[in-house]
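Report on the following structure.
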Amino acid sequence: MIYIGVTGWGDHDSLYPDQMSPRDKLKEYAGHFPTVEVDNAFYAIQPKRNAVKWVNDTPSSFQFVVKAYQGMTGHQRGEAPFANKQEMFQAFKESLEPYIEASKLAMVLFQFPPWFDCKRENVEYLRWCKNVMGDLPCALEFRHQSWFTPRFRYHTLDFMSEEKWIHSICDEPQSGAGSIPAILEAIDSEKLLIRFHGRNMHGWQKRQAENWREVRYLYRYNQQELQEWANIIRKLAKESANVYVLFNNNSGGDAADNAKEMIDLLDIKYEDLAPRQLDLF
């Protein structure tokens, strides 16, 4: 099955009637898409009560991709609110229990930063992460090009396969060492993740700019670009039983529209979405 959605559910204005309460947005979102990325888990390990609400706000078939907490992937600046990494990972795993109990955890996404390059100590850390996470499905996304240079590309893919990582394939600006190419390999026969970050080269590079985070994902995919990826997704769906496609290009509010266009291009009809509000006026 191909699951198409976006990252987060709060900022996609085209999906919601005016004046909708933030508390009700996920219920409405689930009337449009069958999956979502829980990106707020990156900034803070969420209390279980949040996951319980989100599970209850979505249909039984809905799937969550939960982003790993920033302290787990080396993004965090300053002191982490945990005594050690074991305590941090345990707290994160406990936060996943409502999704697991409801059979709604698609995977945990480990997205590593641009300075996490291909070297022995980082390979060992990846092994440690996967061991601590146990049997939980985990996707791996790099942001440093060294993992996929000609020298290391096939070693990286073999390692991911041996360690049972789900591959997170990215469409993003090709901007030197701080970006990765789209490596179109499924690796896992059950699950695959594809994330669309846009192709805003200028915004991607300007890390020191005041509005960097606002423009980094400022991009709207055109029909030709989406059609090219639709063909790729069809091919990859023959290699992996469940393909999760998430649009992250929302600096200008384009993610939800592009996600809907992709659903149309792939001629997908989701039968078990949540009922949607009718905006009669």
Side-chain angles (χ1 to χ4, degrees), residues 3-70 75 81 91-92 94-109 111 193 195-198 211-221 244-264 268-281:
Y3 297 83
I4 297 176
V6 298
T7 56
W9 58 85
D11 299 326
H12 307 280
D13 293 340
S14 65
L15 300 179
Y16 309 119
D18 292 340
Q19 309 302 319
M20 173 167 276
S21 166
R23 287 186 56 83
D24 296 328
K25 284 187 174 181
L26 180 56
K27 289 181 182 179
E28 182 71 8
Y29 173 95
H32 296 269
F33 302 112
T35 188
V36 76
E37 180 182 304
V38 184
D39 53 359
N40 53 10
F42 173 81
Y43 300 101
I45 294 178
Q46 299 296 301
K48 279 189 186 179
R49 66 178 181 274
N50 287 359
V52 169
K53 180 184 185 305
W54 301 333
V55 163
N56 290 337
D57 281 351
T58 52
S60 60
S61 60
F62 193 88
Q63 295 291 290
F64 292 89
V65 176
V66 183
K67 199 168 185 182
Y69 173 59
Q70 60 184 334
H75 286 85
F92 181 81
E94 289 175 2
S95 77
L96 300 176
E97 289 173 3
Y99 305 109
I100 297 168
E101 291 167 3
S103 298
K104 291 188 176 184
L105 179 67
M107 65 191 74
V108 175
L109 169 61
Q111 179 192 291
L193 179 61
R195 299 177 80 231
F196 288 91
H197 298 303
N211 65 340
W212 173 67
R213 293 191 180 279
E214 297 172 17
V215 302
R216 181 168 169 79
Y217 304 108
L218 182 60
Y219 191 81
R220 189 179 185 93
Y221 288 91
Y244 296 82
V245 179
L246 295 170
F247 283 82
N248 190 39
N249 56 319
N250 205 49
S251 292
D254 296 309
D257 290 345
N258 276 163
K260 289 195 168 191
E261 289 175 282
M262 183 63 78
I263 290 172
D264 290 341
I268 297 173
K269 302 289 190 294
Y270 295 116
E271 302 295 338
D272 46 1
L273 298 177
R276 284 157 58 176
Q277 289 191 24
L278 295 177
D279 188 3
L280 298 178
F281 304 98

Rounded to the nearest 0.5 angstrom, the CG-NZ distance for L246 and K67 is 10.5 Å

Taken in chain and number order and not counting sequence neighbours, the residues that satisfy ring-ring contact (aromatic ring centres under 6.0 Å, His included) with Y3 are Y244

List the atom pairs, donor and acceptor, that lie under 3.5 Å between side-chain atoms in residues 97-109 and the rest of the protein, sequence neighbours left out.
from : atom 1 : to  : atom 2 : distance (Å)
E97  : OE1    : K48 : NZ     : 2.4
K104 : NZ     : V55 : O      : 2.7
K104 : NZ     : T58 : O      : 2.7
K104 : NZ     : T58 : OG1    : 2.8
K104 : NZ     : P59 : O      : 2.9

For F33, the ring-ring contact (aromatic ring centres under 6.0 Å, His included) test, sequence neighbours excluded, returns Y29

Sequence neighbours excluded, the answer for side chain to side chain donor-acceptor pair (under 3.5 Å) partners of N249 is N258

One should read off an interatomic distance between S21 OG and E28 CD, to the nearest 0.5 angstrom, of 12.5 Å

For N56, the side chain to side chain contact (heavy atoms under 4.5 Å, CB included) test, sequence neighbours excluded, returns V52

Sorted by chain and residue number, the side chain to side chain contact (heavy atoms under 4.5 Å, CB included) partners of A44 (sequence neighbours excluded) come out as Q46

The side chain to side chain donor-acceptor pair (under 3.5 Å) partners of D272 (sequence neighbours excluded) come to S61

Does some side-chain heavy atom of Q111 sit less than 4.5 Å from a side-chain heavy atom of F42? no

Interatomic distance, CG@D11 vs CG@D39, rounded to 0.5 Å, equals 8.0 Å

Closer than 4.0 angstrom, basic N to acidic O: yes or no for D57 and R23? no

request  = Begin with the C-alpha distance, continue with both residues' side-chain angles, and end with the deciding distance and a verdict on side chain to side chain contact (heavy atoms under 4.5 Å, CB included) for I4 and I268.
outcome  = CA-CA 9 Å; I4 297 176; I268 297 173; 4.0 Å; yes

Interatomic distance, NZ@K53 vs CG@N50, rounded to 0.5 Å, equals 9.0 Å

Hits for side chain to side chain contact (heavy atoms under 4.5 Å, CB included) against S60, two or more places apart or cross-chain, chain-then-number order -> none

Sequence neighbours excluded, the answer for side chain to side chain donor-acceptor pair (under 3.5 Å) partners of K25 is none

With sequence neighbours left out, the residues meeting side chain to side chain contact (heavy atoms under 4.5 Å, CB included) with R49 are P47

Rounding to 0.5 Å, atoms NZ (K260) and NE2 (H12) come to a distance of 12.0 Å

Steps toward side chain to side chain contact (heavy atoms under 4.5 Å, CB included) verdict (V66, L96): CA-CA 8 Å; V66 183; L96 300 176; 3.9 Å; yes

*Check: S251 main-chain N/O paired with Y219 side-chain donor or acceptor under 3.5 Å*: no

For S95 and A51 the tightest heavy-atom approach is O-CB, 4.0 Å

d(T35 OG1, F62 CZ) to nearest 0.5 Å is 5.5 Å

Contacts of Y16 meeting ring-ring contact (aromatic ring centres under 6.0 Å, His included) (sequence neighbours excluded), chain-then-number -> none

### Query
Any side-chain heavy atom of R220 sitting closer than 4.5 Å to one from E261?
yes

Closest non-hydrogen contact found for A259 with V6 is CB-CG1, 4.0 Å

Sorted by chain and number, sequence neighbours left out, ring-ring contact (aromatic ring centres under 6.0 Å, His included) with F196 holds for Y221, W229, F247

